[in-house]
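Just so you know, residue 1 is the first one in the sequence shown, and it goes up from there. The figures here come from the full heavy-atom set of this structure, side chains too, leaving out hydrogens, waters and symmetry mates.
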Amino acid sequence: MPESRDPQTPAQPAGPPPPGTWVLGRVRGIRLTMRFTWLPVAMLLALGFATIIGRQFPELGNWRYLAAFAFVVAFTLSILVHELAHALMAMKFGIGVSEINLGFFAAGTHIEGERKSPLEEFAVSVVGPIASLLVGGLAYFASRAFDEGVGYVALWELGVANLIVGVTNLLPGLPLDGGWVLRAIVWKFTGNMHTGTLVAAWAGRVLAISVLAAPVLLEEIWGRPASMIDFVIALLVGFFLWSGSTASLMQARLRRKLPALQVRTLARRAIAVHSGTPLSEAVRMASESHAGAVVVIDGEGKPHALVSETAVAAVAPNQRPWTSVSEVSTRIAAGHIIGVNDTGEEILANLRAQPASEYLVLDADGGVYGVLATADVEKAFRGR
């Protein structure tokens with residue numbers, strides 16, 4: 001299954017789970033969650049499977065519903081095995097894993113940050129589908145222990161389902177696991193991770209178009225008339241592949257810009273004023289000094305707040321002489337101080353971990369260098 005690649009601060013999930021999820025527990029320190037949508041989808045799948053069982057084994061009566069629901073739970077556990085394979089392989093390489101989120105159509109392993117080499121990328125990505133293929137094979141061979149009966153049907157169906165999951169996830173296009181495998185291969189041969197992402201993302205788009213065209217091709221090539229359900233499934237899967245590959249494509253283009261972004265060049269020059277300084281005077285001083293930011297200092301000359309550009313704009317010019325800078329400033333939190341030598345990856349990680357509109361920038365000696373505005377970072381991303 002595709003796994004989330006959003007960098008996070010280490011080890012455990014920092015906050016509560018997203019809305020619409022249950023927390024099931026932890027495995028090796030990894031939080032297990034499940035979407036609320038699992039239950040209605042599970043019930044629909046169980047009803048469908050119960051119909052199949054009912055036709056083959058009418059003597060079961062209402063027990064067929066319990067057997068069908070047990071099959072759905074077993075399939076969910078096989079998805080967990082798939083995701084655990086990703087997670088444990090990542091942890092073997094020393095990569096943090098914060099959460100596994102279970103669901104039928106979009107399960108995901110939240111792996112922290114990027115892989116350090118093509119080998120890590122390949123191993124972490126391919127092990128999930130391999131786990132599904134192994135579970136599918138074991139279930140299929142276990143079914144042969146039964147000559148007939150519900151056990152045979154359930155194990156055979158579980159084997160087929162996992163084989164489909166394994167093979168489908170090995171298709172070479174993002175956001176499928178096979179897309180990350182393709183990225184690893186291209187990365188290995190080109191020496192460029194971003195090139196690998198671009199190739200795998202475009203491959204994902206080709207897969208999406210192929211899936212959308214599949215119902216028509218079935219009819220044209222094999223003479224099988226496409227049903228409305230075929231078109232609905234093709235639309236849903238195609239949309240999933242297209243949106244996932246497009247997101248990966250945008251992320252690759254974004255990350256290509258990161259090395260060129262530096263706090264030193266993006267930071268605005270700042271002036272320092274005391275908290276009682278009238279806003280009009282602070283604006284005049286900044287204009288004369290060609291500074292783009294104002295830092296509020298205490299009695300010892302240490303910075304403790306930043307004047308908010310948005311708050312300044314909200315004060316009418318005729319009110320600024322009667323408004324002190326302390327009234328339009330925001331206290332500097334520990335996470336809102338960054339170094340002048342920080343570059344793209346560090347900037348992005350800081351903005352995600354400690355969101356703010358402005359950050360105090362300190363030089364190598366701990367002195368005030370300037371202020372970095374989030375708006376300036378966003379402009380740099382769009383403009384480069």
Side-chain angles (χ1 to χ4, degrees), residues 6-9 14 194 250-251 253-384:
D6 292 335
Q8 310 226 357
T9 9
H194 300 301
M250 292 175 64
Q251 186 181 50
R253 290 170 176 167
L254 178 68
R255 288 191 175 278
R256 271 189 164 178
K257 301 174 183 179
L258 290 180
L261 300 179
Q262 298 181 339
V263 171
R264 185 180 297 278
T265 56
L266 291 175
R268 300 178 181 182
R269 187 169 178 272
I271 62 165
V273 299
H274 289 282
S275 59
T277 305
L279 181 57
S280 57
E281 178 64 10
V283 171
R284 183 191 65 78
M285 292 169 63
S287 178
E288 286 184 354
S289 302
H290 302 288
V294 177
V295 176
V296 182
I297 57 175
D298 58 20
E300 298 178 357
K302 295 179 180 179
H304 70 90
L306 298 178
V307 174
S308 167
E309 185 179 20
T310 305
V312 171
V315 179
N318 62 344
Q319 293 297 317
R320 291 178 181 177
W322 320 110
T323 305
S324 68
V325 291
S326 62
E327 296 177 64
V328 290
S329 64
T330 305
R331 180 168 288 277
I332 302 169
H336 297 162
I337 301 174
I338 58 179
V340 68
N341 294 319
D342 285 1
T343 54
E345 290 284 357
E346 294 163 318
I347 295 171
L348 189 60
N350 207 299
L351 264 60
R352 284 178 170 173
Q354 301 286 342
S357 56
E358 289 98 11
Y359 298 82
L360 176 66
V361 180
L362 300 180
D363 59 26
D365 298 322
V368 175
Y369 179 87
V371 171
L372 178 68
T374 302
D376 293 341
V377 178
E378 292 173 351
K379 287 178 185 176
F381 276 131
R382 290 196 300 266
R384 288 175 185 261

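- Smallest separation of non-hydrogen atoms from P321 and S280: CA-OG, 3.3 Å.
- The CG atom of L261 lies 12.0 Å from the CG atom of D342; values are rounded to the nearest 0.5 Å.
- A distance of 7.0 Å separates CD in E358 from OG1 in T330, rounded to the nearest 0.5 Å.
- The distance from the OG atom of S357 to the NE2 atom of H336 is 8.5 Å, given to the nearest 0.5 Å.
- V315 approaches Q319 most closely through the heavy-atom pair CG1-CB, 4.0 Å.
- Of the possible polar contacts, one joining the S329 side chain to the S326 backbone as a donor-acceptor pair under 3.5 Å is found.
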For the pair I338 and L360, evaluate side-chain contact (heavy atoms from CB on, under 4.5 Å) and give the outcome as yes or no after the intermediate values. CA-CA 6 Å; I338 58 179; L360 176 66; over 6 Å; no
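- Minimum heavy-atom separation, A270 to G370: CB-CA, 4.0 Å.
- Contact record, L306 with V295: CD2-CG2, 3.8 Å, taken as the closest heavy-atom pair.
- In this structure, I271 and A291 approach most closely via the heavy-atom pair CG2-CB, 3.7 Å.
- Atom OG1 of T374 sits about 11.0 Å away from atom CG of L266, to the nearest 0.5 Å.
- Scanning both residues, Q262 and T265, for their nearest heavy atoms gives O-OG1, 3.1 Å.
- Test V294, V307, V325 against V312 for side chain to side chain contact (heavy atoms under 4.5 Å, CB included) and you get one pass: V307.
- A side-chain donor-acceptor contact under 3.5 Å links D298 to the backbone of E300.
- Taking the side chain as every heavy atom from C-beta outward, I297 and H274 approach each other to under 4.5 Å.
- Between the CG atom in N341 and the OH atom in Y369 there is a gap of 9.0 Å [rounded to 0.5 Å].
- Separation of atoms OG (S308) and CD (E327) is listed at 13.5 Å; rounding is to 0.5 Å.
- In this structure, the side chain of Y359 engages the main chain of Q354 through a donor-acceptor pair within 3.5 Å.
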